[in-house]
Chemist: 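Mind having a look at this structure? Questions to follow.
Order of the sequence lines fixes the chain letters, A, B, ..., with proteins taken first and strands second; residue numbering starts at 1 for each chain.
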Amino acid sequence: MSGFSEDMPFFDEPNARPSAPSGIAARAMAARSGHNNAPDYLKGLNPEQRLAVETTEGPVLVLAGAGTGKTRVLTTRIAHILATGRAFPSQILAVTFTNKAAREMKQRIGLLVGEAVEGMPWLGTFHSIGVKLLRRHAELAGLRSDFTILDTDDVVRLIKQLIQAEGLDDKRWPAKQFAQMIDGWKNKGQGPVDIAEGDARAFANGKGRELYKAYQERLKTLNACDFGDLLCHPIRIFRANPDVLKEYHKRFKYILVDEYQDTNTAQYMWLRLLAQRPQSSPLEGEVPAKRAEGVAAGGTAQSSNASSTAARTPPDRASPGHPPLKGEGNQRHSTVNICCVGDDDQSIYGWRGAEVDNILRFDKDFPGATIIRLERNYRSTAHILGAASHLIAHNEGRFGKTLFTDRDEPEDGKVHVHAAWDSEEEARAVGETIESYQRQQHNLNDMAILVRASFQMREFEDRFVTLGLNYRVIGGPRFYERLEIRDAMAFFRVVAQGADDLAFERIVNVPKRGLGEATIRQIHDTARALRIPMLEAAAKLAESDELKPKPRAALREVSANFERWQKALENTPHTELAETILEESGYTDMWKNDRSVEAPGRLENLKELIRSMEEYESLRSFLEHVALVMDSEQNAELDAVNIMTLHSAKGLEFETVFLPGWEEGLFPHQRALDEGGRSGLEEERRLAYVGLTRAKKNLHLWFVSNRRIHGLWQSTIPSRFLDELPEAHVEVAESGNSYGGYGNSYGGGSFAPGRGGQGGSQGAGRQNPYGASRFDNVGAGNEKSGAFSNSYATPGWQRAQANRTEATDRNWGSRSGHQVERIGYGETDSGYGAGRTSVKGHTIDGELVAKSVADKPSAFSVGDRVFHQKFGNGNISSIEGNKLTIDFDKAGQKRVLDGFVAAV
DNA sequence: GTGTGTGATGTTTTT
DNA sequence: CATCACACAC
């Protein structure tokens, strides 16, 4: 077994013959799995999973629903390929999106095949494999193999320089925006010559294309590339050098792709080049570009639906139709052994270039593909699955899977839907629920709050702080994005790669050495004029007398420092060198002398940085990994509630999940609707689906009737997604919301401002806040358990219904986009005098979306005495459109929308 | 260079 | 409203 790593160099030989592995493989198999015919690793797989593992030849698409054992299939499949001697470890290309996924996969393969996993140099993220390819063939892209990888921050700074150099106003043309445009282009695999004329014109007075070109040239002189290049350069290299591509065709016997629904066009092109062998596609070069056009046009839904029906595998049948190991013995390899695993229903990254279409038309791209569905869910209760499946069924462009489970435990609760008056109450109630779970011996670690937008987190954090409840926020600011880390890295980068001007510029004057803008400009100009890196230019300038004494001395010191460190690079352990650099540059001292509150933390982070360097064998390899690895570890030891966005929850699971903020405008998010139209809505729905399917046992959804958006209170209506949940699996829980003394109605009754007239004054009744206890909640819930329909009959809910009835899901097709004027609750709810906010519904591809718009002058005037349900009585002090500034007797001055107050 | 003031901005995030 | 980035003045 140990032989594997020793044999590695041999494995890595691209020319190793495919028929050779039998001996080693046999050894491997015997070593790890006993001697019977069905190896251990296949045991415990269900029939579909097993089919997905054993169908090694030809293109395979595994549609793996949430919680159906996707990773298990992927890893077992690799183990199977290795154990049966189909390929050497080094002949398998396995790509993931995140480092986390790659790590997990590696670890799990390791459990199955032992050290053979170490021989898998081509297991990694798209980007890390891209780097590897690019380092090998850098010269074909006009780079040296020691190129640096710039992160977004560097890129923006660089572009800013270019915009200024172009004589353009960098305010009118923000560098950040252009960086995003470039990113978008690269996601589509487009270089400066490929971009659409319109796109090129749209930026910088029509100079978009030139700017993009200039950017690429600048990167080349810097011997650097951005993230997008890690994909685009290899694509270009493959296209321009068939012999190179051929080498990889020979090498990669098996290709596996994780989360295929998240691939963007560039990644698709990249995969296609590698997977499509010449004989099967003579035109591969033009295929992707052509296709990219077709993709946008849509119209794939039907075709994929049709094909999916054809290829459909009933969950209870092991589909013997496809004899798995056809290719044994004959090593012709004209078929493409590519296996993509994904779930079209979990595609939630369209906004950053992912093309769901890639997965939807897999069988068009790879004719004769086997499509295997994994629908047996091992994660959630039947209620949760039922709710999720019903919701996602509202989407059109999808393969269509139905998750099922064998679990049928009667004690499993339904999915709970809760209403709250506002986000504060929402946080409070969630906190209470969490505490009650905690009393039932649930670990906080097993609970998660998944929000649509990160601003929602704060309210929960605040609440948990006052409760003294541990929580952890996942996906916050990343370690490597911190100022001090980036500074330190810049030092290291200049040492490792003297031509890294961006890094040099970042730290020439750190700590402050009196090298101001003027000096830096001069260095810059000298460097450009002589076509040398800035570091060299700085050394030259320091020796000339073109500078004033002070900057000259400073510069001399800087360049002497770097010269010394660069020399030390050869013979000093890298962690030691790193420490020396930070010491000698005065960087650590700088923070030691800083008495701001952050300083100690920053020093701590620097220590952590050095510590993490130990895992790498050299400064260079460290820098490379860090450029690609942006995720930071969280301490799992602490028992704490997890708070994160829905996006970052993908792939995770929790016993208990809370999903707050299910309101129109927030979820689905207004902007997704405005910018994405129907597909935007569908992506939001998939996000909802992801959220629901994270839960194993308990699932609580929340919506509030009032939310503060951009500083002012707005009324909200329940998310349409709530309507799309099946009643059979959902239970609307009435939460006690008597806190704060705004009314004795239950959540259901107070959905919206437009509730019964007398409720207003009564609501003001001072109910003792302490009078309410958790038991009230319980009581309320039970008492009103028949309240399911009750709740759905509340004004807010009915309004939501009414707004939607005529534009049902079926009507989407019409791209009419006509505007439907609809007067909101102001007019329809007669009971409430102040409902003057008009709600202007407008259609998005036929789907009605409620939107608050100030299109009517307020009916109030300054000085009016009014009542607000949250803040009580007050006088209007000023009016702007429908926004009122009110001096409340108790609450002080607030700005609220006029729909929220009633004349007294 | 540090500090204050102004103004724009206000989803989701990986690499 | 609240935050952050940037510009300007000391």
Chemist: Which is true for G228(A) with a 4.0 Å heavy-atom rule: it touches a base, it touches only sugar-phosphate, or it touches nothing?
Modeler: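 If one applies the 4.0 Å heavy-atom cut-off, G228(A) turns out to touch nothing in the nucleic acid.
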Chemist: Identify which one of D343(A), D345(A), D357(A) satisfies the salt bridge (charged side-chain N to carboxylate O under 4.0 Å, His left out) criterion when paired with R398(A).
Modeler: D345(A)
Chemist: Got a salt bridge between D344(A) and R686(A), using NZ or NE/NH1/NH2 to carboxylate O under 4.0 Å?
Modeler: no
Chemist: How long is the line joining CE of M644(A) and C1' of dT11(B), in whole Å?
Modeler: 17 Å
Chemist: Let me know the distance between CG of L231(A) and C1' of dT15(B), rounded to the nearest Å.
Modeler: 9 Å
Chemist: R708(A) has an atom CZ; how far is it from atom C1' of dA2(C), in whole Å?
Modeler: 9 Å
Chemist: Report the nucleotide, chosen from dT11(B), dT15(B), dC6(C), that has the shortest atom-to-atom distance to any side-chain atom of T152(A).
Modeler: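 Nearest listed nucleotide: dT15(B).
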Chemist: Using heavy-atom distances to pick each residue's nearest nucleotide on DNA chain B, tell me which of R513(A) and E683(A) is more 5'.
Modeler: R513(A)
Chemist: Rounded to whole angstrom units, what separation is found between the CH2 atom of W662(A) and the P atom of dT11(B)?
Modeler: 20 Å
Chemist: Answer with base, sugar-phosphate or nothing: what part of the nucleic acid does K186(A) contact at a heavy-atom distance below 4.0 Å?
Modeler: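 No contact.
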Chemist: Would you say whether Y349(A) stacks on dT13(B)? The test is a distance between ring centres of less than 5.5 Å and an angle between planes of less than 30°.
Modeler: no
Chemist: Find which nucleotide of DNA chain B each of H710(A) and S648(A) is nearest to by heavy atoms, and output the residue with the more 5' nucleotide.
Modeler: H710(A)
Chemist: With P as the reference atom in both, quote the distance from dT3(C) to dT12(B) in angstrom, rounded to an integer.
Modeler: 15 Å
Chemist: Students often mix this up, so state it plainly: with edges at 30° and 60°, are the rings of W185(A) and F178(A) parallel, tilted or perpendicular?
Modeler: perpendicular
Chemist: So if I take every side-chain heavy atom of R671(A) and compare against dT13(B), dT12(B), dG10(B), which nucleotide ends up nearest?
Modeler: dG10(B)
Chemist: Considering only dT15(B), dT13(B), dT11(B), which nucleotide approaches the side chain of R352(A) most closely?
Modeler: dT13(B)
Chemist: Using atom types as modelled and distance alone, determine if a side-chain donor or acceptor of N706(A) lies under 3.5 Å from a backbone N or O of W421(A).
Modeler: yes
Chemist: Could you tell me whether the side chains of R685(A) and Y689(A) share a donor-acceptor contact shorter than 3.5 Å?
Modeler: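 No donor-acceptor contact under 3.5 Å links the two side chains.
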Chemist: With stacking defined as ring centroids separated by under 5.5 Å and planes differing by under 30°, is H669(A) stacked against dT11(B)?
Modeler: yes
Chemist: At less than 4.0 Å, is any side-chain N or O atom of T645(A) found next to OP1 or OP2 of dT11(B)? Yes or no.
Modeler: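 Checking dT11(B) against T645(A), no side-chain N or O comes under 4.0 Å of OP1 or OP2.
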Chemist: Under 4.0 Å between any heavy atoms, over every strand shown, what does E684(A) touch: base, sugar-phosphate, or nothing? Just pick one.
Modeler: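 Base contact.
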Chemist: Is any side-chain nitrogen or oxygen of R458(A) closer than 4.0 Å to OP1 or OP2 of dG10(B)?
Modeler: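 Answer no for this pair, as no side-chain N or O of R458(A) is under 4.0 Å from OP1 or OP2.
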Chemist: Compute whether any side-chain donor of one residue and acceptor of the other, for N358(A) and T263(A), lie under 3.5 angstrom apart.
Modeler: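 Present: a donor and an acceptor within the cut-off.
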Chemist: What is the distance, rounded to the nearest whole Å, between atom CE of M590(A) and atom P of dG1(B)?
Modeler: 13 Å
Chemist: Rounding to a whole Å, what distance do you find between I348(A):CD1 and dT12(B):C1'?
Modeler: 8 Å
Chemist: Determine the contact category for R686(A): base if any of its heavy atoms lies under 4.0 Å from a base atom, sugar-phosphate if only primed atoms, P, OP1 or OP2 are that close, otherwise nothing.
Modeler: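 No contact.
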Chemist: Are K171(A) and dA7(C) close enough that a side-chain N or O sits under 4.0 Å from OP1 or OP2?
Modeler: yes
Chemist: Rounded off to whole Å, could you give me the CZ-to-P distance for the R707(A) and dC1(C) pair?
Modeler: 19 Å
Chemist: Expressed as a whole number of Å, how far does the P atom of dC4(C) sit from that of dT11(B)?
Modeler: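 Result for the P pair: 13 Å, nearest Å.
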Chemist: Side chain of K512(A) only, heavy atoms from C-beta on: which candidate in dT2(B), dT12(B), dT15(B) is closest?
Modeler: dT2(B)
Chemist: What does S128(A) touch in the nucleic acid at a heavy-atom separation under 4.0 angstrom: a base, only the sugar-phosphate, or nothing?
Modeler: nothing
Chemist: Can you tell me the distance, in whole Å, between the NZ atom of K100(A) and the C1' atom of dT13(B)?
Modeler: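 Between C1' of dT13(B) and NZ of K100(A): 14 Å.
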